[in-house]
Amino acid sequence: MAAAEDDARRLDAEDPGHRELFLVPPADGGAHPETAYLAGNSLGLQPRAVRRELLEDLDAWARLGVEGHLEAARPWLPYHELLRDPAARLVGALPAETVVMNSLTVNLHLLMVSFYRPAGARTLIVVEDSAFPSDSYAVRSQAAFHGLDPDRTVLRTSEPLATIREHGDRIALVLLGGVNYLTGELMDIPGITAAGRAAGAVVGWDLAHAAGNVPLRLHEWGVDFAAWCSYKYLNAGPGAVAAAFVHERHGRDASVPRLAGWWGNDPATRFQMRPEFVPTPGADGWQLSNPPILALAPLRVSLEVFHRAGLWRLREKSIVLTRYFETLIRERLSNVLEIATPREAERRGCQLSLRVRGGRESGRSLLDYLNEHGIIVDWREPDVIRASPTPLYNRRIDCLRFVLGVRAWASRHG
Ligand SMILES: Cc1ncc(COP(=O)(O)O)c(C=O)c1O
């Protein structure tokens, strides 16, 4: 392993990435000062610049009080607009198609209010077999909200294209994870979107594990709507503000039904305090409340980091890093771990989902051992360790530390 370590360090030195822009949690003793942080799929790291810029926004509040809405160096009234272009670039959207607001499940609900409109025989909602529970609760509750039986309305499938072919004229909505949270599989977003729309359904995507992980072209692919959180690969902090995409063909249409709030009203008349709602064209028209400036600050900073790094360049590095990680695991840990994520780079992002061969009990023991030894990964029931070398701040040596950690655990546990 010493040769592998030398190689990893040499390659890391040749390609240092953007690690210096982030605060990597320190390790608690041991040979390494920092953790091998492979949990960016769960909670991304803090960009160093966040603290300074957040303090600037706090200072503006302290100095200006209410005047900060217009007088702050970054005025609060149009603050969310600062995030619009970088958020749109990240997902391949037109600026007017993207808005930063609320949290992910809230946005999914708001968008389903507009785009899940069961009518006649067309009532079904298609989700993936291993949909994230919150998505499952959301679609089931939407079905119930329309007076439908969730058990008969929500179709779970591992073959979305086949399900669309089979049930096309009864499907109202297809709502899938762009990258599956459990397996790390990157779905065929353009293909499924085209098939769903050709069948007459609306197609929406939960991009929690895709945004900032893989390049997306939501506008070009004709996606109807999407939502994503920004605490994972977008590094905007725990519970950070989420985002939403509404394709311009819907954004232009003021007649699309929606739940309304004053921040979605046309800014030209917002402060005239009229009772009738006039939606702002574009995704902005789905906003309800005035945005939380202090919560937007970290996302603004982290989107700048992405802009500077370049998503396509990051993707190139990501493919190399995850391939390196995968090869190490296949060659050295196949007796302990089975990789559940597809092998092809175009069918995955940076995450590898690793089934622990010994089952749940062994898996929990391995997870605890790794975390105690400064190798930070996460767990999903029933037996999956998720580990994600993210190209912004991970290095080959982090992947190697994971492998050494698993081997050390395995040597103790037979
Ligand atoms: C795929 C997916 N969907 C939805 C959620 C729920 O997100 P939130 O709590 O921000 O609504 C998560 C959270 O991790 C997720 O991974």
Side-chain angles (χ1 to χ4, degrees), residues 38-45 83 87 90-91 98-113 115-116 125-142 154 156-158 160 173-187 189 192 203-214 216 218 223 225-245 259 286-289 291-292 295-296 298-299 302 340-341 347-353 376-382 384-388 390:
L38 294 165
N41 57 283
S42 179
L43 181 70
L45 294 182
L83 292 90
L90 198 72
V91 295
T98 314
V99 62
V100 169
M101 61 180 188
N102 310 317
S103 49
L104 171 53
T105 309
V106 172
N107 287 345
L108 288 175
H109 271 300
L110 289 177
L111 293 165
M112 279 193 278
V113 162
F115 298 114
Y116 174 54
I125 307 176
V126 176
V127 299
E128 75 261 48
D129 248 349
S130 51
F132 191 81
S134 198
D135 295 25
S136 192
Y137 308 154
V139 292
R140 289 177 65 83
S141 61
Q142 287 280 336
V154 176
R156 299 172 75 97
T157 179
S158 55
L173 172 65
V174 178
L175 181 67
L176 302 168
V179 171
N180 182 267
Y181 84 98
L182 187 62
T183 64
E185 178 178 2
L186 168 58
M187 306 295 274
I189 301 177
I192 295 170
V203 184
W205 292 91
D206 173 343
L207 299 175
H209 292 263
N213 183 12
V214 292
L216 299 161
L218 299 186
V223 165
F225 71 87
W228 58 99
C229 57
S230 51
Y231 41 79
K232 300 177 185 294
Y233 299 109
L234 300 189
N235 308 311
V241 182
F245 165 89
L259 296 183
W286 271 261
Q287 294 173 104
L288 297 181
S289 302
L296 289 183
L299 180 56
S302 94
T341 308
R347 292 186 56 216
R348 70 185 182 198
C350 66
Q351 172 183 326
L352 290 184
S353 298
I376 310 302
V377 290
D378 81 349
W379 175 260
R380 281 289 173 252
E381 297 292 345
V384 174
I385 285 181
R386 302 186 301 181
S388 304
T390 68

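Just so it is clear, the structure is predicted and the values come from calculations on it, not from any experiment. Indexing begins at 1, ligand by ligand and atom by atom, following the structure's order.
The protein atom (non-hydrogen) at minimum distance from atom 11 (O) of ligand 1 is Thr105 OG1, 2.5 Å. Given atom 9 (O) of ligand 1, the protein heavy atom at minimum distance is Tyr231 OH, 3.6 Å. Of all protein heavy atoms, the one closest to atom 3 (N) of ligand 1 is Asp206 OD2, 2.7 Å. Ranking the protein heavy atoms by distance from atom 12 (C) of ligand 1 puts Phe132 CE2, 3.4 Å first. Among all non-hydrogen protein atoms, the one lying nearest atom 14 (O) of ligand 1 is Lys232 NZ, 3.0 Å. Remark: minimum distance from atom 16 (O) of ligand 1 to any protein heavy atom is reached at His209 NE2, 2.9 Å.
How far CH2 of Trp228 is from CG of Leu90: 7.5 Å, rounded to the nearest 0.5 Å. Separation of atoms CE (Met112) and CG (Leu173) is listed at 7.0 Å; rounding is to 0.5 Å. One finds the OG atom of Ser136 at 10.0 Å from the CD1 atom of Ile125 (value rounded to the nearest 0.5 Å). Rounding to the nearest 0.5 Å gives a distance of 5.5 Å between CG of Leu110 and CE of Met101.
Each of the following atoms of ligand 1 lies closer than 4.0 Å to a heavy atom of Ala208: 1 (C), 2 (C), 15 (C).
The proximity of Asp135 to ligand 1, defined as any non-hydrogen pair under 4.0 Å, is limited to the side chain.
Between His209 and Tyr181, the two ring planes are tilted [angle within 30° to 60°].
Under a 3.5 Å cut-off, the side chain of Asp135 and the backbone N or O of Pro133 do not form any donor-acceptor pair.
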